[in-house]
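Since the structure comes first, as structure tokens, the remarks are kept for the end.
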Amino acid sequence: MSATRPPQGPYVLGIDFGTESCRVSIVDVSGSPVTFAATPYSTTHPKSGWAEQSPEDWWDALEASTAKVLQQSGIPAHAIEGISYDATSMTVVALRKDGRHLAPAIMWMDVRAVEQAKRAEGSSSVALRYNGDGAAPASPEWFPFKAAWLKEHQPDVYRDADYLVDAPDWITHRLTGEWTLNINSAAHRMYFNRDEGGWPTDFYEEVGAGDVFEKIPTNVVDLGVPVGGLSQKAARALGLTPGTPVAQGCVDAWAGQIGLGVVEPGTFALITGSSHVLTGQTAKSVSGKGFFGGYTDGVIPGQYTVEGGQVSTGSVLKWFKDNFARDVVAAAERTGLNAYDVLNQQSRHLPPGSEGLIVNEYFQGNRTPYTDGQARGILWGLSLRHGPEHIYHAIQESVCYGTEHNLRAMREAGIDVQKIVACGGATNSPEWMQMHADVTGVPITLTEVGDAVVLGSAILAATGAGLFDSVPDAARAMVTETETIEPDAERHEEYRYFVDAYIDTYPRLRERIHDMQDHIA
């Protein structure tokens, strides 16, 4: 996390509970990070498709990271004027009224609730509008299905739980003692829709979780709204000042959207890493085949959020590097270079389309536009002309093609994407970011603070502390754009053929790939 401007008070504390660590940063009101610390925790996988973490490990990591940033910065606790946070979702925690957890948290990536999610098939509930306007399968990652699974397979835990909440709402209680439900989790992963009266009780009944509303906090709070002061107990544990305003936090991906300044229609956030998340705002309720949403009030009140995503992006490049470019990795290590920079150098001369090579990057399935867990990667067009640099380049292109495929689904629903703001690992490669712009035909902007997620939580903290009137006002003040990568019009036209070929590939092979997955299961 970096910024070029010197910090200037007042200061706020942003907390990010990611999949692998708790990250904490002290940030000033210009958006400049003062200091940053991360403390890891572990994930267990008791069975295939399961993923669990301990909430106590989360809290221990928060204590450690907070102590580090206070010590490193030299800023006294009383100078911290606000706190907010984000966490993974849908990460379900079963709790008693006193906040004690009854079982490990069921992580966002946990897909044990496949059977429960299948019950949504054929439902006529308006809830399914959020799943590709009813055209996409429901995801076992989402709340009602995990709740139904818990009720059926761990009935003692379900019965004894006073609250069943998402991870961001767990941290709300640990910090303040208050029980709230953040609108971000509610709208994006729990089917809550204010435009339709709130909860789709009919849908919850259909999937087997009709009584779970007894265990969900009733106070649904918008992002950045104060939920209380830091409790005496939490303040002692964290070395902070009791009563410090705590603002309603959210899910990590949408903290990243806020931290990129994407708070108005027309601009989209692209959050890159092992996967890609593409998310943005619309002024009107929009749903359509091939993307999720539009979620009512999920980020900004009075707006709607739409979402697309690619499960495997940077992870496929890492797969290639680790398995097929070991000589490059070894040479890079000897010379102190980055292996990806070397691979980029070796492949940058290649034309659009990698001389006739197409990859579909569905190595771990497809989130959108197909929402197909059985999808798998495809590589075709190989000839004796092709070498490792062609495959590496084609993988990079496939990720860009997938982003364009998601954008096309949104465009078909009338969503106009005029600008993309990006963060994450892919932004370290100018060549790859230029490729994203060329393939999509959309300008891509980079921002000063690379860690947009924890900055997004700091923006919520500043809003809740009363330093700004609204989340958009805080984002405009705290997010600084540094560079815009314009698409090359000629290359964009050249890429059009290859994008079409990429999109045409998987539907032709879907049945065969599903059959193969069933055969080897």
Could you check whether any side-chain heavy atom of Pro443 comes within less than 4.5 Å of a side-chain heavy atom of Pro487, counting everything from C-beta outward? yes
Would you call Glu361 and Ile395 a side-chain contact if the rule is heavy atoms closer than 4.5 Å? no
Does Lys215 count as lying over the ring of Tyr158, i.e. NZ or CZ under 6.0 Å from the six-ring centre, within 45 degrees of the axis? yes
Counterpart residues, ring-ring contact (aromatic ring centres under 6.0 Å, His included), relative to Tyr502 (two or more places apart): Tyr401
Please name all residues satisfying salt bridge (charged side-chain N to carboxylate O under 4.0 Å, His left out) with Glu20, sequence neighbours left out, ordered by chain then number. none
Should Met109 and Thr91 count as side-chain neighbours, where that means a heavy-atom distance under 4.5 Å? no
Within 45° cone and under 6.0 Å: Arg510 NZ/CZ vs Tyr370 ring: yes
Closest non-hydrogen contact found for Asp222 with Pro301 is OD2-CG, 3.5 Å
ring-ring contact (aromatic ring centres under 6.0 Å, His included) partners of Phe213, counting only residues at least two apart: Trp199, Tyr204
Pairs involving residues 135-151, ordered by first then second residue, that meet side chain to side chain donor-acceptor pair (under 3.5 Å) (sequence neighbours left out): Lys151-Asp211
Any side-chain heavy atom of Ile171 sitting closer than 4.5 Å to one from Ile15? no
Cys22 SG to Tyr41 OH distance, which is reported to the nearest 0.5 Å: 6.0 Å
Step by step, would you call Phe324 with Trp319 a ring pair (Phe, Tyr, Trp, His ring centres under 6.0 Å)? CA-CA 8 Å; Phe324 303 102; Trp319 167 83; 5.1 Å; yes
Qualifying residues under ring-ring contact (aromatic ring centres under 6.0 Å, His included), relative to Tyr362, sequence neighbours excluded: Tyr506
Ser354 meets the side-chain hydrogen bond (donor to acceptor under 3.5 Å, both in side chains) criterion, sequence neighbours left out, with His393, Glu397
Side-chain contact test, heavy atoms from C-beta onward, threshold under 4.5 Å: evaluate it for Glu307 versus Phe291 and give yes or no. no
Answer yes or no: is there a side-chain heavy-atom contact under 4.5 Å between Phe320 and Pro388? yes
